[in-house]
Number of protein chains: 2
Amino acid sequence: MAQTSPQYRYGNRPTMKDVAARAGVGLKTVSRVVNGEPGVTPDTERRVQDAITALGFRRNDSARILRKGRTASIGLVLEDLADPFYAPLNRAVEEVARAHGALLINGSSAEDPDRERELALAFCARRVDGLIVIPAGDDHRYLEPEIAAGIATVFVDRPAGRTAADVVLSDSFGGARDGVAHLVAHGHRRIGFIGDQPHIHTATERLRGYRAAMRAAGLPVEENWVSLGPTAPERVRAAAEAMFSGPRPVTALFAGNNRVTVTAVRVIAAAARPVALVGFDDFELADLLSPGVTVVAQDAARLGRTAAERLFRRLDGVVEAPRRVELPTRLIVRGSGELPPAES
Amino acid sequence: MAQTSPQYRYGNRPTMKDVAARAGVGLKTVSRVVNGEPGVTPDTERRVQDAITALGFRRNDSARILRKGRTASIGLVLEDLADPFYAPLNRAVEEVARAHGALLINGSSAEDPDRERELALAFCARRVDGLIVIPAGDDHRYLEPEIAAGIATVFVDRPAGRTAADVVLSDSFGGARDGVAHLVAHGHRRIGFIGDQPHIHTATERLRGYRAAMRAAGLPVEENWVSLGPTAPERVRAAAEAMFSGPRPVTALFAGNNRVTVTAVRVIAAAARPVALVGFDDFELADLLSPGVTVVAQDAARLGRTAAERLFRRLDGVVEAPRRVELPTRLIVRGSGELPPAES
DNA sequence: CTGAAAGCGCTTACAG
DNA sequence: CTGAAAGCGCTTACAG
């Protein structure tokens, strides 16, 4: 059945013109049949359908789009398509897009502002109707001409930089504050914080929540109890080991995100003394570890759904000022965050 | 800075014509500048650039594509954008596409053949240059006209149905056989198998591998030791509990995929007797559970990379017969698969 | 009920 | 070095 031949390649696909010629009708009649518009005799319609089947015609939506204006597609720039945290967000955006008859173009910024920009503008050049961006950079003025030209844009998970726009976030500050307060409530006074790089908004918000909880409890924060930086395992491991040793080791750790938590679990498992742990972000199997890992959970799917719904509201013509939506987090108690402070 | 006004929306974006008018040059000159073609005076070029900036012009790639033929985009139909197993595959495909200057459109079939078809054909209507499909259905003849018309197509993770096409797979049969043989080598004689639904190719291949290993060891397979079906936790739980009880309970279990493994771990943790476990597919934190979970690992990223590279080879004009590539799996020993049979 | 003409925003092929 | 005309494959607006 492999009827592929080099000369019958892209470019000589049958067009409506070909169908019209074969069916012996006008171009517009073919268009009517293809689009299910009324006003075509059953007999004419059949002739056109036959020609379509015989030729293997499929409407070129790119051409259609050029004429119609709307592309029925949206672009999603996320950090990493392979990151399990963003996967449900990705899927949620897809589902909303699908419900609105739109296709999804997506790509990974790899936490590189230039790559984020490149992707977002490539999507704009394809004239996506809307754009959802998980910011890597902190200056999004480059999107202002696009937004002004009508490409609806929503930022998610992190705020937009230097521009007014819709934003959907989790309450990083409140979540971290509550998580740290939980450790304090279980008797800890020396609590460490390991988070992502300081230029990432969620990292500094969570750190702010940590400091707020410590302050509220009247606890000091020693300099070496806080470490922000890349979430590569080596870096996190070194930071954790430093906090767990020395004259005044921490008895508990707050992990600023998923990747930090996972490495923290490994380091704690190998540590001389037990260390209590609360992590930001839930992850699969957190309940199966021993002890189960207590986490501050965000709802990534809801983040995606909310952002996409906001986007389509704009596409449906709702005009209102940019809004900032903050979704609550949830503390899930599983054991690691309820360990008492170890004797030092 | 929110200069968005309802009348200045999509449709009245500046075009090359507008730029040409403002710069006082011809259309083609603008095209030359935008595309970096030679033969433009520095002075003319500057005038055009100024007009572009002033107007906020961005080339409409949809129009460009219509004229040029190639869209520089590929479509990926996978099962679920939120599935952690496919996330690295997704990312790997993206990276290869990016290296070739192509954008990625993707979507989830949700294991529904109709939805797979709908997505794949929608991508074809957008005239993607190529298509990568993780099949949900088992009849892909619907793609033959598209393939014949020049849309390069590669199937990955599962074979195409009823049509000749490029396919990239993991060695499900061999992997399962080796995993079960590993359990046999550790003294097990009563081994259960829980897998995905029987219409899914990888599920039956893995079952075939299980049977082959049992046969090679001269071991019988009792009827209730095998269970194929949806991987929903309730179903897997019921199947596992049935195998773990009764007069001749299994002492070991082979889990046909990720989702089955995770549920199996939970059921085993709560079981009266220890049950050895080997799972198909690796997963994060498998080594942190106690015991660590021994798995047959596939390289999902390599699966995606291989498929995408094959696709772009075709797009680069290489003409050859459809090929089936089978990637090896790797047994990762972590503890759960080395438990001895429990006394019954 | 049907179709010819114009146009969406670009690029191609050609002429000056 | 520069640009006018034709065309990519559709849809829109209009006429018969």
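Just so we're on the same page: letters track the sequence lines, and every chain starts at 1.
- Taking the nucleotide of DNA chain C with the nearest heavy atom to each of D61(B) and P38(A), the more 5' of the two is matched to P38(A).
- Here dG16(C) presents its C1' atom at 15 Å from NZ of K28(B), a figure rounded to the nearest Å.
- Atom CG of L66(B) and atom C1' of dT11(C) are 10 Å apart (whole Å).
- Distance from the side chain of T44(B) is smallest for dT2(D) among the nucleotides dT2(D), dC10(C), dT2(C).
- In this structure, dC1(D) forms a base pair with dG16(C), meeting either the Watson-Crick or the G-U wobble geometry with both donor-acceptor distances under 3.5 Å.
- Within the 4.0 Å cut-off from OP1 or OP2 of dC8(C), not a single side-chain nitrogen or oxygen of N60(B) is found.
- Distance check: D18(B) CG to I52(B) CD1 gives 11.5 Å after rounding to the nearest 0.5 Å.
- Set against dT2(D), dT2(C), dT11(D), the side chain of R59(A) has dT11(D) as its closest nucleotide.
- For the pair S31(B) and dC10(C), the criterion of a side-chain N or O lying under 4.0 Å from OP1 or OP2 is not met.
- Look at CE on M16(A): it is 8 Å from C1' on dG9(D), rounded to the nearest Å.
- K17(A) has its NZ atom 16 Å from the P atom of dT11(D), to the nearest Å.
- Distance I65(A) CD1 to dC10(D) P: 12 Å, rounded to the nearest Å.
- Side chain to side chain, S109(B) and E79(B) fail the donor-acceptor criterion of an N or O pair below 3.5 Å.
- Two residues, A63(B) and L27(B), neighbour DNA chain D, and the one matched to the more 5' nucleotide by heavy-atom proximity is L27(B).
- Contact annotation: K68(B) does not reach the phosphate of dC8(D) (side-chain N/O to OP1 or OP2, under 4.0 Å).
- Side-chain contact check for N60(B) and R126(A): no donor-acceptor pair (N or O, by modelled atom type) lies under 3.5 Å.
- A donor-acceptor pair under 3.5 Å is absent between the side-chain atoms of R32(B) and the main chain of E45(B), judged by distance alone.
- Look at CD on E37(B): it is 14 Å from C1' on dC14(C), rounded to the nearest Å.
- When the side-chain nitrogen and oxygen atoms of T41(A) are compared with OP1 and OP2 of dT2(C), one or more of them lie within a distance under 4.0 Å.
- When the C1' atom of dC10(C) is taken as reference, atom CZ of R64(A) falls 20 Å away, rounded to whole Å.
- Heavy atoms of R32(B) sit under 4.0 angstrom from at least one base atom.
- Between N35(B) atom CG and dC10(C) atom C1' the separation is 9 Å, expressed in whole Å.
- S62(B) comes within 4.0 angstrom of nothing in the nucleic acid, heavy atoms only.
- Between R67(B) and dT12(C) there is no side-chain N or O to OP1 or OP2 distance below 4.0 Å.
- E94(A) and S108(B) form a side-chain donor-acceptor contact under 3.5 Å, judged by distance and modelled atom types alone.
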